[in-house]
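Structure, as structure tokens:
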There are 2 protein chains.
Amino acid sequence: MSTVAPDKLQARADRKTRKRQEKKDQIARSAMQALQELGYANTSLRDIAARADLSLGMLHYYFEDRTQLILHCVSLYKAAFISGLEDALSDASGREPVINALANALATSIVEDASTHRLWYDIRGQALFDPAFRPMVRELEAALIGVVESAAEKTGSARPDMGEFGYALIDGVFRYQMQNQLTGTPRDHQSLATEMRALLEKLF
Amino acid sequence: MSTVAPDKLQARADRKTRKRQEKKDQIARSAMQALQELGYANTSLRDIAARADLSLGMLHYYFEDRTQLILHCVSLYKAAFISGLEDALSDASGREPVINALANALATSIVEDASTHRLWYDIRGQALFDPAFRPMVRELEAALIGVVESAAEKTGSARPDMGEFGYALIDGVFRYQMQNQLTGTPRDHQSLATEMRALLEKLF
DNA sequence: CATAAAATCGGACACTTGTCCAAATTTTAT
DNA sequence: ATAAAATTTGGACAAGTGTCCGATTTTATG
């Protein structure tokens, strides 16, 4: 029989799993550093371990395999990017403010997090070949489509297929901007936002 | 001194290099098979050699290294895709015919060559990390931007930045269609063309 | 403090990778 | 027919990969 109350045991177990989750997140953040820099194809577990100041074995102590670790990274990316967009949108109402908020949020993300998005596009590309990544990609894209639909409603331009179609268009411009930012001529926030606003004005 | 005329020597040399080029193309076509199926990250030179019914050493006899071989594949893809689009456009004049021709050509390519485009998107993503691929990606995208500009002129809607902006938009929809075709619910030619036409009507 | 559990290390492992080369074969030219 | 050149082979090589595990250290618990 146990010498402590069941609720206390539960509390302990929760603390344990929460601590474990935090450690996983911390490892994933280090992993994202490496993946952002080197790309999916060129990042080894040793690269990740080095950046996390951890031994190789630890990675397998916290993650089943390489794929699970990378999926955890994408999960973190999703949470950050989506909630950022949703926050930007939630503060705005009315057509022009909504368009401005979205354009500004996207432009800011290009300037500040271009190499993080580069990693996302890399993983999304991998999902075209490796089914293991598809559910996560689908989840993230569904959330992005939801953001577009939400913006469409706020601007009074909600239509069937607006979410998917709008996502594809915005993503096309966003990706191209990211590519130019990293491998071409970097542009400032205003220029990026203006271009994105031009698209959103036509879309919504 | 030589026993044959210089022009004959020249002709021989040309035949040699042409034969060599054809062999390189043939190897590259086999390589594309493997790359289309497995993706950049998961395709080894042994995978390629197996599909080309060639020994491993042959690949290095014809190509300096793995990167050069893959670049040759992209070069072949470029020639085929771009000239296909240019042909489709050259036969059309007037706003609606041009829009229809472009929408149809793109939709046909989604239905027939989705996995080839998947490879292109994979390589384009690699270029974000590996500078060796960037010149080729730039070249191909410049050609695609040129196609969009050409279409814009034919529809009388040429504007500054129309090429880049239009390319980004069309690419966003095209890529999303390709992704759905391969990992989601495949659609028929008409449905794809209708969606693309809807975009082109607004763009031009 | 003692003990059990969790965390961490360091290295072994089997396998794959791109590259390279000496030798053998085939093709071409004289 | 013969020499030279081009092509092809098969395997060796070192480096790198993901995975796994026994031993050790650290942490939490009674």
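In what follows, chains carry the letters A, B, and so on, assigned in the order in which the sequence lines appear, proteins first and then strands, with residues in each chain numbered from 1.
In this structure, B/R46 places its CZ atom 12 Å from P of D/dG11, rounding to the nearest Å. At whole-Å resolution of the value, CZ in A/R18 and P in C/dA6 are 17 Å apart. Rounding to whole angstrom units, CD1 of residue A/I70 and C1' of D/dG18 are separated by 12 Å. Distance, B/L69 CG to C/dT17 C1': 15 Å, rounded to whole Å. Protein atom CG of B/N42 is 9 Å distant from nucleotide atom P of C/dT17, rounded to whole Å. In this structure, B/Y62 atom OH and C/dG18 atom C1' are separated by 20 Å, rounded to whole Å. If you measure from atom CG of B/L54 to atom P of D/dG10, you get 11 Å, rounded to the nearest angstrom. Whole-Å rounding puts the A/M58 CE to D/dC20 P distance at 16 Å.
Contact of the B/F81 side chain with the B/L144 side chain is registered, since non-hydrogen atoms from C-beta on lie closer than 4.5 Å. In this structure the side chain of A/L89 reaches within 4.5 angstrom of the side chain of A/V98, judged on heavy atoms.
Ring orientation note: the planes of B/W120 and B/Y77 are close to parallel, at an angle under 30° on the 30°/60° scale.
Nucleotide C/dG11 is matched to D/dC20 when pairs are restricted to Watson-Crick or G-U wobble geometry with both distances under 3.5 angstrom.
For the atom pair CG of A/L192 and CZ of A/R197, the computed distance is 11.0 Å after rounding to the nearest 0.5 Å.
In the set D/dT19, D/dT8, C/dG18, the nucleotide with an atom closest to the side chain of B/L45 is C/dG18.
Between B/L203 and B/M162 the shortest heavy-atom distance is O-CE, 3.3 Å.
Proximity of A/K19 to the phosphate of C/dA5: no side-chain N or O atom is located under 4.0 Å from OP1 or OP2. Using a 4.0 Å cut-off, some side-chain N or O of B/Y61 falls inside it from OP1 or OP2 of D/dT7. Between A/S44 and D/dG16 there is no side-chain N or O to OP1 or OP2 distance below 4.0 Å. Using a 4.0 Å cut-off, some side-chain N or O of A/K23 falls inside it from OP1 or OP2 of C/dT8. Distances shown here put every side-chain N or O of B/H60 at or beyond 4.0 Å from the OP1 or OP2 atom of C/dC20.
Mapping B/G57 and B/D47 onto DNA chain C by nearest heavy atom places B/D47 at the nucleotide closer to the 5' end.
Base engagement by B/S55 is indicated by at least one non-hydrogen atom pair under 4.0 Å involving a base atom. B/F63 comes within contact range of no nucleotide atom at all, as no heavy-atom separation falls under 4.0 Å. At a threshold of 4.0 angstrom between heavy atoms, the contacts of A/L56 include nucleobase atoms, whether or not backbone atoms are also involved.
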